[in-house]
There are 2 protein chains.
Amino acid sequence: MSLDYTNSIPLHVQLKKILEQQIYNGYYTEKLPSERELMDEYYVSRSTVRQSIEQLVRERVLERKPGKGTFVAIRTINDWLGSLHSTSENIEKMGMAPGAKLVASQEIEVFGRLKDVTGLDKAHHFKRVRYADDIPMGIERHYYPVGLGKKLSQYNLDQEAFYELLEKELKVKTFQAEQEIKAGAATRNDAKLLHILEGASIIIAERKITDIHGDFVEFERAHYRADMYSFKITLSRNSK
Amino acid sequence: MSLDYTNSIPLHVQLKKILEQQIYNGYYTEKLPSERELMDEYYVSRSTVRQSIEQLVRERVLERKPGKGTFVAIRTINDWLGSLHSTSENIEKMGMAPGAKLVASQEIEVFGRLKDVTGLDKAHHFKRVRYADDIPMGIERHYYPVGLGKKLSQYNLDQEAFYELLEKELKVKTFQAEQEIKAGAATRNDAKLLHILEGASIIIAERKITDIHGDFVEFERAHYRADMYSFKITLSRNSK
DNA sequence: CAGTGGTCTAGACCACTGG
DNA sequence: CAGTGGTCTAGACCACTGG
């Protein structure tokens, strides 16, 4: 691919798109050519190359390491969830020790709202109870496409590492998450697992994650004890 | 102020800090000198000036208008709350018409947790019921320092414009917001205002806003009917 | 030591703005 | 028309990396 010098689209924008494509297509997976090599490859000046790369650094697609080179950025889900904290982090902030226990892992038929949201007929379902200092404070249900679920089920899931597994072990490139937070009342089953009364207030979080192609990766539905759990979000004017 | 050429801190970083200070000190309130004027003023090249300005544009402190100049950015709170939607927006997304009604506006003594969070002894308290298609779906309580509250109380508050008032009319420069979302049960008073049963599930949102100096601006506590309201957050890898 | 990204200069041409 | 930010070039020196 080369640049179109007659086009009114600035060269650095064209080059940025080419590099972005090559990264998402997997052509560059780690180190990029140096700025001087890219100058020769695309017949542009170093500042134009730098403009393209700067944009991608700002979007956290690339990372620059002075003296070493320019690299594809490694980012975890929790990292770009950014202002929203993970379950483990929330529990740790309360001064308690986070824990998890897998109570179900099976293939299921999907119907109703879950089918609408995921677009799946079958899914692999994981159900985990989350603990804070050994007190049960939430139930997290994860739904994955069958193939992905099968792979995940080979790991030890009595830990807090779902997202890390997806990113690091299974190389799923996640892209976007939509999260909804609402309140509700505990079902009989919730009540039993969480040691609370049926009908007690719970806080419900639903999250849908799609990969860079917009394909479904995960749907999660979590029920937390309202007296033990809340979501904290910090929003700041400096996006830095 | 001028730049220190012997200092190891890059010139564009020094210049960025100077400009940032002048903006926050109110020296520049609207239009900045042109890039060519800044070159002459600080004895640097145009690319160095542009590097400084680019950084401030990225942090949303400045805005560039091609052909016109560089300006101090005007930003509303809802704007930088970004991924979190406002009450009105949430109601509109449900396909309903948002409304509000002021039911209390008074100076109060502050104690307990509210005193801890705000650091105030006295506060001005506003209480509004929020509607969706004339159905009451939430109670929002706002607490301000007495002086600010007095100013706000002179406006017509039977509308959705609290943040806009703060920013546009009262020139409060907000900076950071911390938000907590949890669940609870309706008190008798909640139940009466929201037309629900005492003890029914509600979702509770608390938000503390501070200005650019870290000084307290507002504390808000809102109770929403769990069957009618939820928080939606979209998180994306591209921060753009 | 060669190679890397970071910084900085001087200069040029462009499209757009608004009197 | 002069003035603005946007784009682009060519070239230079720097500190840091790692063989």
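Letters A, B, ... mirror the listed sequences (proteins, then strands); counts begin at 1.
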Can you measure D40(A) atom CG to dA10(D) atom C1' for me and round it to whole angstrom units? 13 Å
Is any side-chain nitrogen or oxygen of S34(A) closer than 4.0 Å to OP1 or OP2 of dT4(C)? yes
Which atom of K150(A) lies closest to which atom of H124(A), heavy atoms considered: N-ND1, 4.1 Å
Fill in the dot-bracket string of DNA chain C, one character per base: . for unpaired, | for a pair to another strand, ( ) or [ ] for pairs within the strand, taking Watson-Crick or G-U pairs under 3.5 Å. ||||||||||||||||||.
Test log, rule side-chain contact (heavy atoms from CB on, under 4.5 Å), inputs L102(B) and N156(B): CA-CA 9 Å; L102(B) 188 71; N156(B) 172 23; over 6 Å; no
If the condition is side chain to side chain donor-acceptor pair (under 3.5 Å), which residues does H125(A) pass it with, not counting sequence neighbours? none
Kindly give the atom pairs (protein nitrogen or oxygen, nucleotide nitrogen or oxygen) under 3.5 Å for nucleotides 16-19 of chain D.
residue : atom : partner : partner atom : Å
dG18(D) : OP1  : K68(A)  : NZ           : 2.9

I would like to know whether E54(B) and Q51(A) meet side-chain contact (heavy atoms from CB on, under 4.5 Å); could you show each step before the answer? CA-CA 11 Å; E54(B) 244 145 48; Q51(A) 261 187 92; over 6 Å; no
Sequence neighbours excluded, which residues qualify as side chain to side chain donor-acceptor pair (under 3.5 Å) partners of N7(B)? none
With S153(B), which residues qualify under side chain to side chain donor-acceptor pair (under 3.5 Å), at least two apart? none
Quick one: which protein N/O atoms are closer than 3.5 Å to N/O atoms of nucleotides 7-9 of chain C? Pair and distance per line, please.
residue : atom : partner : partner atom : Å
dC8(C)  : OP1  : L11(B)  : N            : 2.4
dC8(C)  : OP2  : L11(B)  : N            : 3.3
dC8(C)  : OP2  : H12(B)  : N            : 3.2
dC8(C)  : OP2  : H12(B)  : ND1          : 2.9
dT9(C)  : OP2  : S45(B)  : N            : 2.7
dT9(C)  : OP2  : S45(B)  : OG           : 2.7
dT9(C)  : OP2  : T48(B)  : OG1          : 2.6

Before giving the answer on ring-ring contact (aromatic ring centres under 6.0 Å, His included), spell out for Y28(B) and F71(B) the whole-Å C-alpha distance, their side-chain angles and the decisive distance to 0.1 Å. CA-CA 9 Å; Y28(B) 296 131; F71(B) 298 82; over 10 Å; no
